[in-house]
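Input: a single structure, listed below in structure tokens.
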Amino acid sequence: MNTTPQPDPKDRPARLTVGVVGAGRVGPALAASLQLAGHRPVAVSAVSEASRRRAGQLLPDVPVTPPAEVLQRSDLVLLTVPDDALPDLVTGLADTGSVRPGQLLVHTSGRYGTRVLDPALRAGALPLALHPAMTFTGTPVDVQRLAGCSFGVTAPDELRLAAEALVIEMGGEPEWIAEENRPLYHAALALGANHLVTLVAQSMELLSAAGVAAPDRMLGPLLGAALDNALRSGDAALTGPVARGDAGTVAAHVTELRRHAPQTVAGYLAMARATADRALAHGLLKPELAEDLLGVLAHGTDGTEGDAR
């Protein structure tokens, strides 16, 4: 539920025509959300067949046009392309005269602030960086997930109210991120969300290999509780053999992983070392147990099997 106070009507942006450049998973969902708030999507650019399908599903009756025409039709343009493609896209749009003075140009990259939009700024555009801290599927469920979603917001001071108002209209919670902190902000989100998917997928594969018929059903309650505990208590929520200092158990894990899933060993060891460091720093791992454990982690395994409780 969005608990952020709604902006005063005089501070809210007028109803805008909205265009999307890049119909990946993010752009059509944001445009559909803005449509629910009363704005009017008028054009979307989409190259691949998958992006055209997404645009058709989330923005029916909105024409698919080249990027230059999207800008020509729109008061607010969502630039929702991959991070590495964004600088060249902005430069190209500015160099070809596609950007109009007074046009709101919004990118959704977590990595960049508004500086990447400088070529368009020089052409008179109003730059905003609105990054939704959410994973997207490219389906209508994404619009619902925006309710209560935090957005990393970076904008010039004079546009801050407009930026925050747009986020709130999409059901989101604005979080101000300084320009120089955008890469760190984005790294933090990638570490938590993207790597989590890899860890969960690996865990399900290993459980399947161990004979578990429904890995997802087994992991769901466990991971849900672990996430809730971590968000509530931070490092105090650490549990398991690393936090306990069970060197033999960790060695047994590494032995089994080398045997059945050698591609997971490096990740297991890296996460175990990071966990041990945090458990030590917070007094959860007893120093007298840490030496053997760190030795196992340094060498991969000490050859013992240990018990795997």
Side-chain angles (χ1 to χ4, degrees), residues 2-5 7 20-22 24-27 29-31 33-34 76-90 104-121 125-138 142-143 145-200 226-228 230-235 237 267 270-271 274-275 277-278 281:
N2 189 338
T3 59
T4 301
V20 180
V21 176
R25 296 182 179 184
V26 178
L30 296 188
S33 183
L34 288 169
L76 165 65
V77 181
L78 299 171
L79 303 179
T80 52
V81 298
D83 289 359
D84 287 352
L86 183 60
D88 287 345
L89 171 66
V90 175
L104 283 165
L105 213 56
V106 178
H107 79 71
T108 59
S109 166
R111 170 184 171 187
Y112 292 109
T114 57
R115 199 167 297 141
V116 71
L117 298 174
D118 278 354
L121 176 65
L126 306 177
L128 304 175
L130 308 179
H131 174 251
M134 178 53 62
T135 182
F136 287 80
T137 63
D142 295 332
V143 180
R145 286 180 173 175
L146 288 174
C149 167
S150 291
F151 278 66
V153 179
T154 304
D157 288 344
E158 62 272 19
L159 294 177
R160 180 166 179 162
L161 284 177
E164 292 184 342
L166 286 170
V167 170
I168 292 169
E169 286 191 317
M170 288 185 281
E173 303 279 357
E175 186 74 41
W176 188 258
I177 308 294
E179 177 84 27
E180 64 272 17
N181 289 337
R182 293 290 291 206
L184 179 61
Y185 152 80
H186 196 224
L189 294 180
L191 184 66
N194 302 154
H195 297 175
L196 176 63
V197 174
T198 300
L199 290 172
V200 173
L227 178 59
D228 184 64
L231 291 174
R232 291 174 182 270
S233 305
D235 288 303
M271 290 304 298
T275 300
D277 288 343
R278 300 189 75 89

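Start at 1 with the first residue, then count along the sequence. Quantities reported herein were computed from a predicted structural model and do not represent experimental measurements. Heavy atoms only: backbone and side chains are in, while hydrogens, waters and symmetry mates are out.
Between Leu78 and Gly27, the shortest heavy-atom distance links the atoms CD1-O, 4.0 Å. Shown here for Leu146 and Pro132, the closest heavy-atom pair between the two residues is CD2-CB, 4.4 Å. Leu126 approaches Leu159 most closely through the heavy-atom pair CB-CD1, 3.7 Å. Between Ala163 and Val153, the shortest heavy-atom contact is CB-CG1, 3.8 Å. Between Leu105 and Ala120, the shortest heavy-atom distance links the atoms CD2-CB, 3.3 Å. Smallest separation of non-hydrogen atoms from Val20 and Ala31: CG2-CB, 3.6 Å.
By the side-chain contact (heavy atoms from CB on, under 4.5 Å) test, Val116 is found to be paired with Leu86, Pro87, His107, Tyr112, residues two or more places apart in sequence or in another chain being considered.
With Arg25 contributing its side chain and Asp142 its backbone, the two residues share no donor-acceptor pair below 3.5 Å. Panel note: side chain Ser33, backbone Ala29; no donor-acceptor pair is recorded below 3.5 Å. Under a 3.5 Å cut-off, the side chain of Thr154 and the backbone N or O of Thr114 do not form any donor-acceptor pair. No donor-acceptor pair closer than 3.5 Å links the side chain of Arg232 to the backbone N or O of Ala237.
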Does the side-chain contact (heavy atoms from CB on, under 4.5 Å) test come out yes or no for Leu117 and Leu79, once each step is laid out? CA-CA 10 Å; Leu117 298 174; Leu79 303 179; 4.1 Å; yes
Hey, mind stepping through Leu30 and Val106 against side-chain contact (heavy atoms from CB on, under 4.5 Å) and telling me if it holds? CA-CA 11 Å; Leu30 296 188; Val106 178; over 6 Å; no
Check the pair Tyr185, His131 against side-chain contact (heavy atoms from CB on, under 4.5 Å), reporting the backbone distance first and the verdict last. CA-CA 10 Å; Tyr185 152 80; His131 174 251; 2.7 Å; yes
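In this structure, Asp118 and Leu121 have side chains that are in contact, with non-hydrogen atoms separated by less than 4.5 Å. In this structure, Leu76 and Leu166 have side chains that are in contact, with non-hydrogen atoms separated by less than 4.5 Å.
Rounding to the nearest 0.5 angstrom, the gap separating the CG atom in Leu161 from the CD1 atom in Ile168 is 9.5 Å.
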